[in-house]
There are 4 protein chains.
Amino acid sequence: MKYNKIDNKKEKKKNLIMDAAEKLFIQKGYQNTTMTEIAKKSKLAKGTLYLYFSSKKDLYFTSVERALRTLKELIDEGINNCKNGFEKVVSMGKTYVNFSINYENYYRLILDYETQETKFDESDPNVKKAYEKSEEIFNLLVSSVTEGKNDGSIDKNLDTTKISIVLWAEITGLVQQVSLRRDLYKKWTALNPGQIFDYYIEVTQRMLSAQKSY
Amino acid sequence: MKYNKIDNKKEKKKNLIMDAAEKLFIQKGYQNTTMTEIAKKSKLAKGTLYLYFSSKKDLYFTSVERALRTLKELIDEGINNCKNGFEKVVSMGKTYVNFSINYENYYRLILDYETQETKFDESDPNVKKAYEKSEEIFNLLVSSVTEGKNDGSIDKNLDTTKISIVLWAEITGLVQQVSLRRDLYKKWTALNPGQIFDYYIEVTQRMLSAQKSY
Amino acid sequence: MKYNKIDNKKEKKKNLIMDAAEKLFIQKGYQNTTMTEIAKKSKLAKGTLYLYFSSKKDLYFTSVERALRTLKELIDEGINNCKNGFEKVVSMGKTYVNFSINYENYYRLILDYETQETKFDESDPNVKKAYEKSEEIFNLLVSSVTEGKNDGSIDKNLDTTKISIVLWAEITGLVQQVSLRRDLYKKWTALNPGQIFDYYIEVTQRMLSAQKSY
Amino acid sequence: MKYNKIDNKKEKKKNLIMDAAEKLFIQKGYQNTTMTEIAKKSKLAKGTLYLYFSSKKDLYFTSVERALRTLKELIDEGINNCKNGFEKVVSMGKTYVNFSINYENYYRLILDYETQETKFDESDPNVKKAYEKSEEIFNLLVSSVTEGKNDGSIDKNLDTTKISIVLWAEITGLVQQVSLRRDLYKKWTALNPGQIFDYYIEVTQRMLSAQKSY
DNA sequence: GATGAATGAGTTTTCATTCAT
DNA sequence: TATGAATGAAAACTCATTCAT
């Protein structure tokens, strides 16, 4: 009991630090964020950070992990209420889009991490851990497509792996573009992110649905 | 004549340095690449780099610019032989895909730049310049879609801006995913990048073509 | 209370660093003194210097300011006990001479600063600040001469501005010569600085005093 | 003959380089002046400078020497037409003042050199050489005072060494102040340098002349 | 003689991490 | 636990000097 309370307290402080760190990592990137800034933003002393995280890297990866875990939880939640594979696939896309809007900081941190991924040392256990989290999500997509082809909600002629890759790439690409280039797109068009996503989903659902036969 | 020769020589050396720098920027990112490493890789002394580029930033942005210029040239070239808007749009996608394969370093450098873009000082003229280059390409896509709708090769019911954004986000997202996650995908599937792209293009062409009416 | 203690501690450390830096600046000049040397001399790590001074320039100018402030305080002190303008002028000269002997490092630092003054960026606020300090001292001389002419202790026929400039130039010139060329003069004569200054003051007092009429 | 011509040509080029270097040394100081700038200003290639001067230091000291030699020549010239010691002393002061006005660059270079003197390596033969030149001038002053005391034009009660030191310090101090602080003095008074010098000479002549007895 | 590209040692500054209090 | 002063390795950049042409 007592340990739990302590752990809980510790966990809360860790979250506090990550909340501060996250914002800076997003804004300025991993390299340009200093421990001094993180300490200042979290209103703690520099040394204190090292009581909760062993290094700057640890702090970064733990933050990324928290974000990925949250995304995974939301996706799982969304899928639970779906009655067939097609709906699951659509739900995953919608959840991802909503995540990027409602948990903007988490989303941007994941993005920062993924685009930098190759620059981190692959053998680092933290890197591997985050890698696996991404894989879990992709596997969920593959199994949903399979389920859909089996229950007849997704066109049987589609290649499971191919379409999964394409779909995941499309959705992540789209969300990233909209997120990174929000200001640019605002300049080019009056559309807000939601409208662009809706349009994409509308166009893509038709491509995917079993009623049409490609 | 003499001046041309000198300029040419200087240009060649600049390219030599950029070739070396590029690889490091891609591998380790802008921040993690040091001028000492670049010097070593290009087999020159550190000071020599500063004879050709005023700063590390200058070297980076000039490299990005070279890559973007090359992409733009290839796209222009590809479009020239197309007989209608639909073909132009398809050509742009194909060129982009091929660019990511044939000019892998250039592609990855652009990617590195674009994903870090928000972390650079926006008011920097170099940043603005690269920004504009991206815009040019997007504008080309918009005008190709417009042309396609006019010449009847693209479905008139599609919203020009919306579909342009979606298409560009899809294609860049797809290429990025395939590029960044090449090893991951290799693990998941036997498909090579080319096959994934072909599949995407096949699926998308149907969505776009005027014959079908969504 | 606690804050005072902290501030005091910080101030002491700053003084410690300045003491070390000063000696090097005097010996080798601003340019030829490196932060590494200053760190070594003050027995601190290089990085520590930057906890107390934002840059080498800051360290230099803060040291100059401390020296000028001290000089100004001594002059003010000396003037307080004078009963007429003539005595004030003489007091200023004596204080300046004594300062150059008793606070040799401070004096030499000011000298180093003033002879390099034109090489610093005039628009720098630090430069301006030091400039003003010098002006304050000159103004004090002018007002003392004026006072002396009014109270009858200085010859009324003398032009206030002219004589102030000449006196100040003479005294600073003399002190500088004696300071810079100490070794040279030692070679030429058995006189020590004090004797030279006394001789100058003796000769000059006559020139200045109201009893004689030039 | 031929050698003379070559030497002459070489000498001319050396002077050309020194003219350019001098201006930069005065403006920005020895340290802040780069060989590249000197090359540019003298419209020669950087490597060419090293054909005429073995190092930056050599270039600097040779320039200083040229300036000191010129001053010495002017002083000698001025002294030649004087009929007694008193006149010689006055002539030296006037020549020095005029030198600071008519050969401003030379004067400022000497000044820069002398105020930095202690920062140069004393054992350097170039430093010694310049040192000796200064000594020659001072010795000339001492012998003029002696001559004046002998020929009755200077008050016999004055101590030769003391008064020589004081006079030389005063005049060099005054000229330096006026030169370094020209802008400052312009702000404080409408007097031009010439007027300040005249005033000094007028005041000092009285102090010195044999008619008065101190 | 003349050139200017190339060199690399040396400079200022930053910042993750440690540790005495 | 919490602090923040101290550390020193590492980075970008400069510039006197050399040397092949």
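What's counted below: heavy atoms across the whole structure, side chains too, no hydrogens, waters or symmetry copies. We name chains A, B, ... by the order of the sequence lines, and we start the count at 1 in each one.
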- Message: Assuming nearest nucleotide by heavy-atom distance, tell me which of B/Thr33 and C/Leu51 is located more 5' along DNA chain F.
- Response: C/Leu51
- Query: F/dT21 pairs with which nucleotide, Watson-Crick or G-U wobble, both distances below 3.5 Å?
  - Reply: E/dA2
- Message: Checking contacts here: which listed nucleotide (F/dA11, F/dC13, E/dT13) is nearest the side-chain heavy atoms of B/Lys46?
- Response: F/dC13
- Message: Using whole Å, what does the distance between atom P of nucleotide F/dC13 and atom CZ of B/Phe53 come to?
- Response: 13 Å
- Query: Is the shortest side-chain N to carboxylate O distance from A/Glu65 to A/Lys129 below 4.0 Å?
  - Reply: yes
- Side chain of C/Thr34 (C-beta onward), nearest among E/dT11, E/dT17, F/dT17: E/dT11
- Message: Looking at D/Asp19 and D/Arg66, is there a salt bridge between them, counting it only when a charged N and a carboxylate O are closer than 4.0 Å?
- Response: yes
- Message: Nearest heavy atom decides the nucleotide; on that basis, is B/Thr48 or C/Leu49 closer to the 5' end of DNA chain F?
- Response: C/Leu49
- Task: Would you indicate what D/Lys57 reaches in the nucleic acid, counting non-hydrogen atoms under 4.0 angstrom: base, sugar-phosphate, or nothing?
- Result: nothing
- For C/Tyr50 and for A/Tyr50, locate the closest nucleotide of DNA chain E by heavy-atom distance; then report the residue assigned to the nucleotide nearer the 5' terminus. C/Tyr50
- Task: Rounded off to whole Å, could you give me the CD-to-C1' distance for the C/Glu11 and F/dA5 pair?
- Result: 16 Å
- Regarding the side chain of A/Lys13, the nearest nucleotide among F/dA2, F/dA16, F/dG4 is F/dA2
- Message: Assuming nearest nucleotide by heavy-atom distance, tell me which of B/Lys43 and C/Gln31 is located more 5' along DNA chain E.
- Response: B/Lys43
- Between E/dA2, F/dT14, E/dT13, which nucleotide has the shortest distance from any of its atoms to the side chain of C/Ser55? E/dT13
- Note on the structure: Scanning all shown strands, the Watson-Crick or wobble mate of F/dA12 with both distances under 3.5 Å is E/dT11
- Task: Answer with yes or no after comparing the ring centroid distance for C/Phe53 and C/Tyr60 against a 6.0 Å cut-off, counting only values under it.
- Result: no
- So, the side chain of A/Thr62 versus the backbone of A/Leu59: is there a donor-acceptor pair under 3.5 Å, distance only? no
- Is C/Arg108 salt-bridged to C/Glu22, going by a charged N under 4.0 Å from an acidic O? no
- Message: Let's see if you can work this out: which of F/dA2, E/dT13, F/dA6 has an atom nearest to the side-chain heavy atoms of A/Tyr52?
- Response: F/dA2
